[in-house]
Amino acid sequence: MSSSWRSSATHRRPTQAADTPKNPGPIHPDLIRDPNPKPKPKPFLHFLAFLLLIFLGLLQFLPASHFRDPSDPLRNWVPFSSQPSPPPPPSAVKLAVDEDDGMIHIVSWMQCLDLRVLAVFTNSTLSSSRYPDLLHFHFFTPQGDKDKVSFYKLKVLFPHSNIELHGQEEVKEVIKRASSGEQHASLNLEEIAPFIIPSVHQSLRKFIYVSPNMILMGRIEELTGMDLTAHAAAAAEDCTKRLNSYVNSDVLDAIQRSASKPWISVTPYEKDACMPDLSLLLIDGKKLEEFLEIFLWWSKVLNLSDRSSERNPAMALALYNRYLKLSDSWLVKEPAASVDVTEKSMIIHYDGPKIVCSGFGNDSVSRSFHGNSWMKYLPAMSNQILGS
Ligand SMILES: *[C@@H]1O[C@H](CO)[C@@H](O)[C@H](O)[C@H]1NC(C)=O
Ligand SMILES: *[C@@H]1O[C@H](CO)[C@@H](O)[C@H](O)[C@H]1NC(C)=O
Ligand SMILES: *[C@@H]1O[C@H](CO)[C@@H](O)[C@H](O)[C@H]1NC(C)=O
């Protein structure tokens, strides 16, 4: 109060002096007798201000009653009492949803449409998330957005969720153009698609890819906002599968020594490196240039036309030292194992009936399923809606 009064007084003085620049008088009488004399502060106001200061100071010693969860994109204030044990987000995680629209984009690719599997995946993800409104599902299916019936069935089950069906043609076209015909026939599109989608769908730059046939048990939003630093992808490591059981070590050494490609490791490849688990990936499309070329190159030099192993080591080699490792809790587990392990698993395999993709259009439903985790997320009523 008094300081603002003083500053206005000091402002006034020079203008008054400028009004009478040629006045030879030694001192203008106005300058001696200030027209606005400084009011004397009343002593009790001093005291009041002092009390207020002490009061504000003491407030600091009260225990905090509210906090803001760093994994909350809206940064809402949450009272401590309503959150007896706020789950501490993993240290590397600070939630920052897609910069453009604030949504968490979840992408999946299905060779043959299986609505039951999609519904279980969608419901488990929504049910486990604290921010279901922020989740946006993108399902790449053979018919894509032309398949209105499937879309409406999903919307009947999940009327408030953001679900989009996309076609697969554009992505397939990119892969076809980049690979030779013979090589193309042997590629597993489900595996490569997540790395191609950002180049085809400009709005999908940063997303979480989850292969179908999964049940989410963890909060998927904990994965967003992870700083991928220089990497294009993040995945969990599966140390039950090692590089040397998928590719001949001598062949790999020979390639490492002789081939001159910028993406080849300068040091020999670790033979027992853990394989990345490609079931759940964080993808940052901005850093994916060349990835398809690298992947196709490895597929070619390793002669993977004979697909004796179910998993393609070309992907592991293309990602070698180039992906951020997610914590083990994001490694896909078997449903039975997830019951008794102490560490809660975030994602398990779908264990219900599913469509077996033949590739000839005569897909059949496999009735031999092995668990009942899926039933929790697809009650009989919902199952009927999908089946009708
Ligand atoms: C690649 O595999 C095919 C079939 O398994 C075989 O005929 C061919 O000789 C192999 N080529 C190389 C370079 O190993
Ligand atoms: C699907 O049809 C193809 C030919 O159209 C046939 O060769 C194949 O055996 C069929 N598969 C099943 C599972 O019926
Ligand atoms: C989703 O799963 C919950 C159980 O987690 C269940 O109560 C609910 O009915 C399911 N929703 C649909 C549409 O099936």
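Numbering of ligands and ligand atoms starts at 1, following listing order. It should be emphasised that the depicted structure is a prediction, and the values quoted were computed from it without experimental measurement. Along the sequence shown, the residues carry numbers beginning at 1.
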For [atom], what is the closest protein heavy atom, and at what distance to 0.1 Å?
{"atom": "atom 9 (O) of ligand 3", "answer": "P379 CG, 3.5 Å"}
{"atom": "atom 1 (C) of ligand 3", "answer": "N123 ND2, 1.5 Å"}
{"atom": "atom 13 (C) of ligand 3", "answer": "L157 O, 3.4 Å"}
{"atom": "atom 4 (C) of ligand 3", "answer": "K376 O, 3.3 Å"}
{"atom": "atom 14 (O) of ligand 3", "answer": "S382 OG, 2.6 Å"}

Check your understanding: side chain to side chain donor-acceptor pair (under 3.5 Å) with S129: which of E222, R219, E221?
Key -> E221

Check your understanding: Are L331 and I283 connected in a single hydrophobic cluster, I mean Ile/Leu/Val/Met/Phe/Trp/Tyr linked by side-chain heavy atoms less than 4.5 Å apart?
Key ->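 As far as the 4.5 Å side-chain criterion goes, L331 and I283 are not connected within one cluster.
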
Review point. So is K354 actually on top of Y350's ring, under 6.0 Å and inside 45° of the axis?
Key: no

Check your understanding: Can you find a side-chain donor-acceptor pair between S249 and N244 that sits under 3.5 Å?
Key -> no

Review point. Is a salt bridge present between D253 and K271, judged by a nitrogen-to-oxygen distance below 4.0 Å?
Key: yes

Practice item. Find all atoms of ligand 3 within a distance of less than 4.0 Å from any non-hydrogen atom belonging to S127, and give their numbers and elements. Key: 2 (O), 5 (O)

Check your understanding: For atom 7 (O) of ligand 3, is the nearest protein heavy atom closer than 4.0 Å?
Key -> no

Check your understanding: So, for H138 and Y209, is the gap between ring centers shorter than 6.0 Å?
Key ->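 H138 vs Y209: aromatic centres not under 6.0 Å.
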
